[in-house]
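Notes to accompany the following structure.
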Amino acid sequence: MNLKQIKWQSFESQASLDQAAMEKVIALAESSIKTRGQFHIVLAGGSTPKNVYTLLKNIKTDWHKWQIYFGDERCLDSDHQDRNSTMAFEAWLNHIDIPVQNIHTIPAELGPVEGAHVYNQTLSQVGDFDLVLLGLGEDAHTASLFPGHSWDNNLDALAVFDAPKPPPLRISMSPARLSRSKSVLFLVSGKEKQTAINQWKAGDLIPASTVTCNNGVDVFCFNVS
Ligand code: 6PG
């Protein structure tokens, strides 16, 4: 992906980044629901998106037309506090009127191999996403795609065994599947991400740069430039 297809946007505060991210989600949801009757969104894990999810729980929308997926998941019990799905449920999904069948959590409690197999079956029934949300790790990982790892881009969901960010066992969408979206938005906050951003801007091949989008990738930054 050439660098000019990355749209960098810096914010003066975390709150203004969160607000802009919420507004972008709302705009894409309204457009997708209007044109195709549904909005397929992939959620990011980690901590950065939490405030955006909290803001989203108060918006006015037809939640029945939202289909929620997860870009990656940690292989922990389904209700474990450290699960990416737990964060999304507690901040947002437990507080809205969305049909449970519209929330497609990754069955990572089955373990990386079986869980990835099941999620591949789920995703085989799903077309392109409308929006993929992603975070960025200090080592330039995204989702559970880590530096030094290789990925089978013929698969939608991948088993991860030796993630350097605990827990080691995870499931991740592949770069190819994360790239099958009308929009991709990274949320990046914190000076500890600066080296990863520098690598990205230098055109280095990092996990984050393997996710592309025909409409360009948006990167919202706070406290990093
Ligand atoms: C995870 C996430 C991971 C995360 C980045 C950034 O399971 O941790 O999928 O990719 O998005 O590590 O995490 P923070 O937002 O907490 O900095």
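Any value given below was found using the heavy atoms of this structure, including those in side chains, with hydrogens, waters and symmetry copies removed. Order of listing sets the numbers, starting from 1, for every ligand and every atom in it. For clarity, every value in this text was computed on a predicted model and none was experimentally measured.
- Closest to atom 11 (O) of ligand 1, if we only count protein heavy atoms, is Gly45 O, 3.5 Å.
- Screening His95, Met22, Met87 for a side chain to side chain contact (heavy atoms under 4.5 Å, CB included) with Tyr53, the sole residue that qualifies is Met87.
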>> Between Asp18 and Gln14, does the side chain to side chain donor-acceptor pair (under 3.5 Å) criterion hold? Intermediate values first, please.
In response: CA-CA 6 Å; Asp18 296 337; Gln14 185 65 53; 2.9 Å; yes
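- Looking at Glu138, Lys50, Arg74 and measuring to atom 1 (C) of ligand 1, the nearest heavy atom belongs to Arg74.
- Here atom 4 (C) of ligand 1 lies nearest to Lys165 when heavy atoms of Glu73, Lys165, Glu192 are compared.
- Heavy atoms of Lys193 approach ligand 1 to within less than 4.0 angstrom.
- When ring centroids are compared, Tyr69 and His104 come within the 6.0 Å threshold.
- Nearest protein neighbour of atom 5 (C) of ligand 1, counting heavy atoms only, is His141 NE2, 3.4 Å.
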>> Show, in sequence, the C-alpha distance, side-chain angles and deciding distance for Phe89 and Thr105, and conclude whether the side-chain contact (heavy atoms from CB on, under 4.5 Å) test is met.
In response: CA-CA 10 Å; Phe89 274 107; Thr105 52; 3.7 Å; yes
>> The test is side-chain contact (heavy atoms from CB on, under 4.5 Å); show your working for Leu136 and Ile197 and say whether it passes.
In response: CA-CA 9 Å; Leu136 181 72; Ile197 292 285; 3.8 Å; yes
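- If you check which protein heavy atom lies closest to atom 15 (O) of ligand 1, you get Thr48 OG1, 2.6 Å.
- Closest to atom 6 (C) of ligand 1 among all protein heavy atoms lies Leu136 O, 3.5 Å.
- Taking every non-hydrogen atom of Ser47 and a distance limit under 4.0 Å, the qualifying atoms of ligand 1 come out as 14 (P), 15 (O), 16 (O).
- For Asn84, every heavy-atom contact with ligand 1 shorter than 4.0 Å involves the side chain, none the backbone.
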> So Leu123 and Arg177, side-chain contact (heavy atoms from CB on, under 4.5 Å) or not? Walk me through it.
Replying inline: CA-CA 9 Å; Leu123 293 176; Arg177 194 52 161 107; 4.2 Å; yes
> Between Asn223 and Ser189, is a side-chain contact (heavy atoms from CB on, under 4.5 Å) present by the stated rule, with each step listed?
Replying inline: CA-CA 6 Å; Asn223 239 353; Ser189 297; 5.6 Å; no
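- Assignment of Ala143 to the shell around ligand 1 is supported, since a heavy atom sits closer than 4.0 Å.
- Taking the ring centroids of Phe146 and Trp151, they lie at or beyond the 6.0 Å cut-off.
- Taking only nitrogen or oxygen atoms, main chain and side chain alike, Pro49 does not reach within less than 3.5 Å of ligand 1.
- Heavy atoms of Asp72 found under 4.0 angstrom from ligand 1 belong exclusively to the side chain.
- Taking only nitrogen or oxygen atoms, main chain and side chain alike, Ser144 does not reach within less than 3.5 Å of ligand 1.
- At least one heavy atom of Arg170 sits closer than 4.0 Å to an atom of ligand 1.
- Between Phe11 and Phe220, a ring centre-to-centre spacing shorter than 6.0 Å is recorded.
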